[in-house]
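In what follows, a structure is listed as structure tokens, so that the remarks can point back to it.
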Amino acid sequence: MSAVVADRREFLRRAGLAGAALALVGCGAGAPELLAPSSGPRGAVVGAGGAITLDFSQDIDVLNYAYALEQLEAAFYIGVVTNGAFASVFTAAERRVLTDIRDHEVAHRDFFAAALGSARIPDLTPKFGAIDFADRTSVLQTARTFEDLGVSAYNGAARFIASEAYLGVAGKIVSVEARHASAIRDMLSPRSAAFAPDAFDAGSTPQDVLTAAGPFITESITVVNA
């Protein structure tokens with residue numbers, strides 16, 4: 001394993017430990033860093049065919065928006081590391097990085113699920129038929145799309161969050177997502193400027209994010225008041 005990949009993996013491992021600690025703090029009794037309100041409005045509406053409407057005038061649905069994207073990312077990386085070709089398509093060092101990212105995304109998904117509790121949207125049904133999980137380029141290009149999308153989604157949704165506590169948690173997660181994006185980009189274009197092509201990451205509107213994510217999710221998701 002090269003020193004570069006080893007350093008990157010250690011970097012991701014530490015980020016994952018930080019994320020796990022955050023989840024424990026956020027979900028633990030007496031430390032309500034990210035807890036859904038026990039009462040009050042519920043913006044998420046689930047209609048016919050599982051169609052979901054999120055109301056961005058309420059923080060709870062901005063969190064559900066993040067939860068939807070984390071569900072998608074977790075399902076994708078689970079598909080990557082459990083595919084039969086995983087060991088032959090990727091080097092040992094790459095497998096360790098992708099497995100670490102899988103663990104992070106599962107931790108993010110579970111964190112939101114636990115914090116939102118009964119206010120969370122239903123489990124989504126991923127639609128990954130266009131992805132060739134046995135092809136290195138297909139997997140990494142899709143991973144780059146998801147990671148860049150995740151970063152731009154958090155950046156773009158931040159202005160709709162009223163709670164400072166929620167905003168702080170979102171900032172902690174988006175920083176880890178940005179590290180994922182850099183790691184994936186470095187796999188696709190090693191030792192190039194691709195790991196951080198711009199000085200500032202963009203923030204995308206919820207509509208643009210959902211349009212990009214739509215082909216990978218069976219249920220439709222609509223955002224209002226954004």
Within one Ile-Leu-Val-Met-Phe-Trp-Tyr cluster: Leu116 and Val46, side-chain cutoff 4.5 Å: yes
Stepwise side chain to side chain donor-acceptor pair (under 3.5 Å) test for Asp201 and Asn155: CA-CA 8 Å; Asp201 282 320; Asn155 287 345; 4.9 Å; no
Validation row: Ile101, Val80 side chains within 4.5 angstrom (heavy atoms): no
Intermediate values then yes/no, side chain to side chain contact (heavy atoms under 4.5 Å, CB included), Glu70 and Val106: CA-CA 8 Å; Glu70 295 295 353; Val106 168; over 6 Å; no
Closest non-hydrogen atom pair between Tyr67 and Asp123, with its separation: OH-OD1, 3.6 Å
Geometric class of the Phe128/Phe146 ring pair [parallel <30°, tilted 30-60°, perpendicular >60°]: tilted
Parallel, tilted or perpendicular: rings of Phe133 and Phe76 (30°, 60°): tilted
Distance (rounded to the nearest 0.5 Å) between Ile221 CD1 and Thr211 OG1: 11.5 Å
Ser152 side chain to Ser204 side chain, donor-acceptor N/O pair below 3.5 angstrom: yes
Verdict with reasoning, Thr91 to Glu94, per side chain to side chain contact (heavy atoms under 4.5 Å, CB included): CA-CA 5 Å; Thr91 68; Glu94 289 173 335; 3.2 Å; yes
Separation of Leu69 CG from Ile173 CD1 (nearest 0.5 Å): 11.0 Å
Heavy-atom pair with the smallest gap, counting every atom of Ile60 and Ala119: CG1-CB, 4.0 Å
Minimum-distance pair of heavy atoms, taken over all atoms of Val89 and Asp135: CG1-C, 4.2 Å
Whether Ser189 side chain and Ala194 backbone form a donor-acceptor pair below 3.5 Å: no
Check: Ile217 and Pro126 side chains under 4.5 Å, non-hydrogen atoms: no
Note, Phe160 side chain near Ser57 side chain (heavy atom, < 4.5 Å): no
Residue pair Ala212 / Leu149: nearest heavy atoms and the distance that separates them: CB-CD1, 3.7 Å
Derivation of the side chain to side chain contact (heavy atoms under 4.5 Å, CB included) call for Lys172 and Val176: CA-CA 7 Å; Lys172 292 175 181 178; Val176 176; over 6 Å; no
Donor-acceptor contact present, side-chain Asp186 to main-chain Phe195, <3.5 Å: no
Donor-acceptor under 3.5 Å (Glu219 side chain, Ala51 main chain): no
His180 and His104 aromatic ring geometry - parallel, tilted or perpendicular at 30°/60° bounds: parallel
Validation row: Val62, Pro206 side chains within 4.5 angstrom (heavy atoms): no
Least distance between heavy atoms, Asp132 atom then Ser138 atom: N-OG, 3.0 Å
Any donor-acceptor N/O pair, Arg120 side chain to Gly117 backbone, under 3.5 Å: yes
Validation row: Val174, Arg179 side chains within 4.5 angstrom (heavy atoms): no
Atom of Asp148, atom of Ala181 and distance for their closest heavy-atom approach: OD1-CB, 3.7 Å
Spatial distance of atom OG1 (Thr53) from atom CG (Asp61) [nearest 0.5 Å]: 9.0 Å
Beyond-backbone contact of Val223 with Val209, side-chain heavy atoms, under 4.5 angstrom: no
Point-to-point distance, once rounded to the nearest 0.5 Å, from CZ of Arg185 to CD of Glu147: 10.5 Å
Evaluation steps, side chain to side chain contact (heavy atoms under 4.5 Å, CB included), between Leu98 and Phe90: CA-CA 9 Å; Leu98 289 167; Phe90 295 99; 3.8 Å; yes
Rounded distance [0.5 Å steps], CG in Leu188 versus OG1 in Thr137: 7.5 Å
Flag, side chain of Arg102 to backbone of Tyr77, donor-acceptor distance under 3.5 Å: no
Heavy-atom side-chain contact between Arg109 and Glu73 under 4.5 Å: no
Rounded distance [0.5 Å steps], CD in Gln58 versus CG in Asn64: 10.0 Å
